[in-house]
Amino acid sequence: MHDSWKAALADEFASDYMASLRAFLKTEKAAGKQIFPHSRNWFRALDLTPLDRVRVVILGQDPYHGPGQAHGLCFSVQPGVPTPPSLKNIYKELHQDLGIAPASHGFLEYWAQQGVLLLNSVLTVEAHQAASHQKRGWEQFTDSIIAKVNERSDPVAFLLWGAYAQKKAAFVDDNRHLVLRVAHPSPLAAHNGFFGCRHFSKANAFLKEKGREPIDWMLPEPAQKN
């Protein structure tokens with residue numbers, strides 16, 4: 001985790017609820033349960049996107065619970081893993097909005113490195129058990145992350161896709177930040193307003209207006225691991 005977040009979240013890490021969460025995760029692992037993502041990636045979003053570099057926030061709910069998918073960024077999957085349906089729809093909207101052809105992969109670290117905080121509300125999940133780590137403390141922790149971004153003077157674009165994300169970030173100050181709300185990009189909801197929302201161009205226009213660098217949304221091919 002980047003030092004900027006370690007300092008900002010020091011009180012959270014020292015809290016009783018985080019102690020309970022750590023105990024829960026330790027017990028689950030001791031029981032032989034497989035937890036996704038790997039522990040080295042639980043805070044990957046905070047490692048790649050320092051607090052003072054956040055320009056865009058995209059919120060998800062839970063990590064993917066299939067093998068090899070989750071790596072700590074919402075909507076993103078590891079290289080070589082098929083692109084999930086919601087992310088395919090995100091790519092469709094990106095193409096419609098900015099003319100960027102859909103990437104051949106679902107690996108979004110390039111966005112995170114530029115200041116797109118790709119934050120799930122819950123940062124772990126048991127393999128093949130959707131929503132299994134909800135209400136264990138992660139939600140309180142990620143609420144604090146959003147609050148830290150909201151408190152900063154730097155204007156940020158919040159892209160809130162679906163009712164869950166919109167409720168979670170309901171307290172964000174839309175007098176200072178850009179708060180865009182629309183249906184979730186999942187195949188069940190994307191046709192209810194996500195397609196045609198133009199959130200990517202709107203976010204970049206806002207950032208440029210505020211004197212901040214826009215995001216390069218075109219994803220390069222992921223580097224090959226040796």
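Throughout, numbering of the chain's residues begins at 1 and tracks the sequence. The figures here come from the full heavy-atom set of this structure, side chains too, leaving out hydrogens, waters and symmetry mates.
Residues L118 and V57 are members of separate hydrophobic clusters, defined by side-chain heavy-atom contacts under 4.5 angstrom among Ile, Leu, Val, Met, Phe, Trp and Tyr. Criterion: ILVMFWY side-chain heavy atoms under 4.5 Å apart, direct or through other members. Under it, L51 and L46 are part of a common hydrophobic cluster. L160 and W111 fall into different hydrophobic clusters, where Ile, Leu, Val, Met, Phe, Trp and Tyr residues are linked whenever their side-chain heavy atoms come under 4.5 Å apart, directly or through other members. Cluster annotation: Y110 and L119 are assigned to distinct hydrophobic clusters (Ile/Leu/Val/Met/Phe/Trp/Tyr, side-chain heavy-atom contacts under 4.5 Å, transitive).
S76 places no side-chain N or O within donor-acceptor distance of the main-chain N or O of L73, the cut-off being under 3.5 Å. A side-chain donor-acceptor contact under 3.5 Å links W5 to the backbone of T49. No donor-acceptor pair under 3.5 Å is formed between the side chain of Q69 and the backbone N or O of V81. At distances below 3.5 Å, not a single donor-acceptor pair connects side-chain atoms of Q61 with backbone N or O atoms of N120. Checked by atom type and distance alone, the side chain of S4 never pairs as donor or acceptor with a backbone atom of P50 at under 3.5 Å. Panel note: side chain E109, backbone Q78; no donor-acceptor pair is recorded below 3.5 Å. Between the R55 side chain and the A203 main chain, no donor and acceptor come within less than 3.5 Å of each other. Side chain of Q34 to backbone of E126: no donor-acceptor contact under 3.5 angstrom is found.
P82 and V77 get closest at one heavy-atom pair: O-CG2, 4.0 Å. Contact record, P37 with G72: CG-N, 3.9 Å, taken as the closest heavy-atom pair. For the pair L59 and A169, the tightest heavy-atom approach, listed with the atom from each and the gap, is CD1-CB, 3.9 Å. Contact detail for G60 and F75: the closest heavy-atom pair is CA-CE1, 4.4 Å. Looking at every heavy atom in both residues, C74 comes nearest to I58 through SG-O, 3.4 Å. The two residues N89 and A190 have their closest heavy-atom pair at ND2-CB, 3.7 Å.
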side-chain contact (heavy atoms from CB on, under 4.5 Å) between K6 and F13: does it pass, once the steps are laid out? CA-CA 9 Å; K6 287 180 182 177; F13 282 111; 5.7 Å; no

Could you walk me through whether Q140 and S15 pass the side-chain contact (heavy atoms from CB on, under 4.5 Å) check? CA-CA 11 Å; Q140 188 172 342; S15 67; 5.9 Å; no

Is there a side-chain contact (heavy atoms from CB on, under 4.5 Å) between I146 and V149 once you walk through the steps? CA-CA 5 Å; I146 297 167; V149 176; 5.7 Å; no

Carefully, step by step, assess V116 and L108 under the rule side-chain contact (heavy atoms from CB on, under 4.5 Å). CA-CA 9 Å; V116 181; L108 304 182; over 6 Å; no

Pair Y91-T83, side chain to side chain donor-acceptor pair (under 3.5 Å): steps then yes or no: CA-CA 10 Å; Y91 288 169; T83 303; 5.3 Å; no

Take Q134 and D62 through the test side chain to side chain donor-acceptor pair (under 3.5 Å) and record every step on the way to the result. CA-CA 8 Å; Q134 289 185 4; D62 292 273; 2.8 Å; yes

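With respect to V56, the side chain to side chain contact (heavy atoms under 4.5 Å, CB included) criterion is satisfied by exactly one of F158, F206, W217: W217. Each of L123, L21, V122 was evaluated against F141; a single residue qualifies, L123, per the side chain to side chain contact (heavy atoms under 4.5 Å, CB included) test.
Within 6.0 Å of CD on E213 lie no more than 12 heavy atoms contributed by other residues, nucleotides or ligands.
In this structure, H177 has its ring center at least 6.0 angstrom away from the ring center of F171. Ring centroids of H184 and Y164 are separated by 6.0 Å or more, keeping the two rings apart.
Taking the side chain as every heavy atom from C-beta outward, I145 and L9 approach each other to under 4.5 Å. Counting only heavy atoms from C-beta outward, the side chains of V156 and R212 approach each other to under 4.5 Å. Looking at I35 and H133, their side chains come closer than 4.5 Å, going by heavy atoms from C-beta outward. At a threshold of 4.5 Å between non-hydrogen side-chain atoms, the residues S20 and Y17 do not count as touching.
Ring orientation note: the planes of F36 and H128 are nearly perpendicular, at an angle over 60° on the 30°/60° scale. Between W161 and F200, the angle of the ring planes goes over 60°, which puts this pair in the perpendicular group of the 30/60° scheme.
The pair E139-K168 fails the salt-bridge criterion, with no side-chain N (NZ, NE, NH1 or NH2) lying under 4.0 Å from an Asp/Glu carboxylate O.
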